[in-house]
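Take a look at the structure below.
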Amino acid sequence: KLFVYGSHHRHDAEYARSFGWIHASPGEAHWPTLIENKNKEIARLNGVYNRLLTNAGVTLFRGRAKLIDAHTVEVHDSENNS
């Protein structure tokens, strides 16, 4: 989602000039900054969701999950323990 927003910047800047924005310039993209800021935003959102779930009394199981059947989820932690 953040990459999509960023990808619109060049077009939006060009479009803004047609409405009189004099200094609306597409500029240049700095990929390392984009990646760093994307990672920061994901970490921030994960913190928000974690707090919301924890405050609601939800038990979180961290790991990789596999659907076993319509009623069963198997979760493995980082050491592959179920």
Side-chain angles (χ1 to χ4, degrees):
K1 187 174 181 178
L2 297 172
F3 287 159
V4 171
Y5 290 157
S7 72
H8 289 278
H9 179 70
R10 178 174 294 276
H11 172 74
D12 292 345
E14 291 170 1
Y15 190 60
R17 284 193 293 252
S18 68
F19 287 97
W21 289 90
I22 297 169
H23 298 290
S25 170
E28 295 180 13
H30 187 254
W31 190 255
T33 300
L34 176 61
I35 297 297
E36 180 182 343
N37 289 337
K38 182 259 315 173
N39 291 341
K40 286 180 184 177
E41 180 63 5
I42 289 171
R44 183 190 74 78
L45 289 171
N46 284 341
V48 169
Y49 298 141
N50 186 44
R51 280 189 300 281
L52 288 171
L53 293 169
T54 300
N55 291 342
V58 173
T59 301
L60 297 175
F61 297 92
R62 298 193 183 277
R64 295 187 65 92
K66 177 180 174 183
L67 296 174
I68 303 301
D69 59 38
H71 304 285
T72 309
V73 177
E74 183 177 86
V75 180
H76 292 271
D77 63 18
S78 61
E79 284 134 24
N80 212 24
N81 297 316
S82 302

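One-based numbering along the sequence shown. What you see is a predicted model; the values in this text were computed from it and never measured.
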Taking the six-membered ring for Trp, are F19 and Y15 parallel (under 30°), tilted (30 to 60°) or perpendicular (over 60°)?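 Ring orientation, 0 to 90° scale: perpendicular.
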
Indicate if V75 and L67 have the same hydrophobic cluster label, given that clusters are the connected sets of ILVMFWY residues with side-chain heavy-atom separations under 4.5 angstrom.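 They do share one cluster, since a chain of ILVMFWY contacts under 4.5 Å joins V75 to L67.
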
Please report the interatomic distance [atom1]([X]) to [atom2]([Y]), rounded to the nearest 0.5 Å.
X: N37; Y: T33; atom1: CG; atom2: OG1; value: 6.5 Å
X: N50; Y: N55; atom1: CG; atom2: CG; value: 9.0 Å
X: K38; Y: Y5; atom1: NZ; atom2: OH; value: 15.5 Å

Output every pair passing ring-ring contact (aromatic ring centres under 6.0 Å, His included) with a member in residues 43-71, not counting sequence neighbours, ordered by first then second residue.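 Pairs touching residues 43-71 that pass the test: none.
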
Are more than 12 heavy atoms, taken from residues, nucleotides or ligands other than F3, located less than 6.0 Å from that residue's CZ atom?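 Yes, enclosed.
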
Residue pairs involving residues 44-72 (criterion salt bridge (Lys or Arg N to Asp or Glu O under 4.0 Å); sequence neighbours excluded):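 Those involving residues 44-72 are E41-R44.
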
Heavy-atom pair with the smallest gap, counting every atom of A65 and V73: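 Minimum heavy-atom contact is CB-CG1, 3.8 Å.
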
